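Worksheet for the structure shown next.
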There are 2 protein chains.
Amino acid sequence: MEIAADALDLVPVFKALGHPTRLAILGWLKDPESFAPEDSATREHGVCLKYIQARAEVSQSTASQLMSSLQRANLVTVTRAGQWSYYRRNEDTIAKLGQILYDVI
Amino acid sequence: MEIAADALDLVPVFKALGHPTRLAILGWLKDPESFAPEDSATREHGVCLKYIQARAEVSQSTASQLMSSLQRANLVTVTRAGQWSYYRRNEDTIAKLGQILYDVI
DNA sequence: TTGGTTCATCGCAAAATCGCGATATGTACT
DNA sequence: AGTACATATCGCGATTTTGCGATGAACCAA
């Protein structure tokens, strides 16, 4: 019944999830191609900020900050390529969250 | 892959969990008798606010507010009996949270 | 080089959260 | 009635979060 030493720091994770737009974005990222079916870069690299911004209907700076928050919580990863920042779900963290949830709460 | 209509409203739940003291309290409540081993009311009714306050080392009003937040998120239940408010984990919500976590995020 | 695109960061004002003491409510015991 | 106890709520200042426009940095194309 021990808690792994490298366990997630759950507080920032829950803080990041406790925001309707951030929670929605994380759900949307389960289907990256839904953002722009014709854009092959999405499938290969992830979803760029512009698409997330459009779907969330927030300003560009707000979208960037929302993703920073998710990134600090290790819920997404970012890949810079050219002028784009490609965002993906961090399935490691998300899976670990489900596993340790009961142990911690 | 449908989301149940009576699914939890996850945002308040995550908001409540995104606070170190509230997260700790929820963990402590897994072992109610650890608060006051000699107090039989704990086992029968739950943990009264005074014990939670002492363990969390916050003021009485703060303790009450922390528990209100957990209550609004349906993470605990409260039973009033005499002058005491007895708090228990709401295992229903917590179990449901684990189940629907992947579907939603 | 110039202009356009994508994104992060800065600065700020509005809003929400936090934690406390003070107060109010209700209960229990004399 | 009067006192003591347990808890909830109010009011307030302090801090944090939120969302935006403006600016800056990096990249690309003409």
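Chain A is the first sequence line, chain B the second, and so forth, proteins listed ahead of strands; every chain is numbered from 1. Computed from a predicted structure; not experimentally measured.
Within 4.0 Å (heavy atoms only), Tyr87(B) reaches sugar-phosphate atoms of the nucleic acid but no base atom. As judged by a 4.0 angstrom heavy-atom cut-off over every strand, Tyr51(B) is placed among residues making no nucleic acid contact. Using a 4.0 Å heavy-atom cutoff across all strands shown, Ser64(B) reaches at least one base atom of the nucleic acid.
Put simply, the side chain of Ile52(A) reaches to within 4.5 Å of the side chain of Tyr87(A), judged on heavy atoms.
Mapping Lys15(A) and Ser85(B) onto DNA chain D by nearest heavy atom places Ser85(B) closer to the 5' end of the strand. Each of Ser59(B) and Cys48(A) lies near DNA chain C, and the nucleotide nearest Cys48(A) is the one positioned closer to the 5' end. Between Arg22(B) and Lys50(A), the residue anchored closer to the 5' end of DNA chain C is Lys50(A), taking for each the nucleotide with the nearest heavy atom.
For Thr62(B) and dC20(C), the shortest distance from a side-chain N or O to OP1 or OP2 is below 4.0 Å.
dT6(C) atom P lies 10 Å from atom CD of Gln53(A), rounded to whole Å. As a whole-Å value, the separation of Leu49(A) CG from dT5(C) C1' is 13 Å.
No hydrogens or angles were tested; on distance alone, a donor-acceptor pair under 3.5 Å links the side chain of Gln65(B) to the base of dG19(C). One N or O donor and one acceptor, one from the side chain of Ser61(B) and one from the base of dG21(C), sit under 3.5 Å apart. Residue side chain Gln83(B) does not reach the base of dT7(D) through any donor-acceptor N/O pair under 3.5 Å, judged by distance alone.
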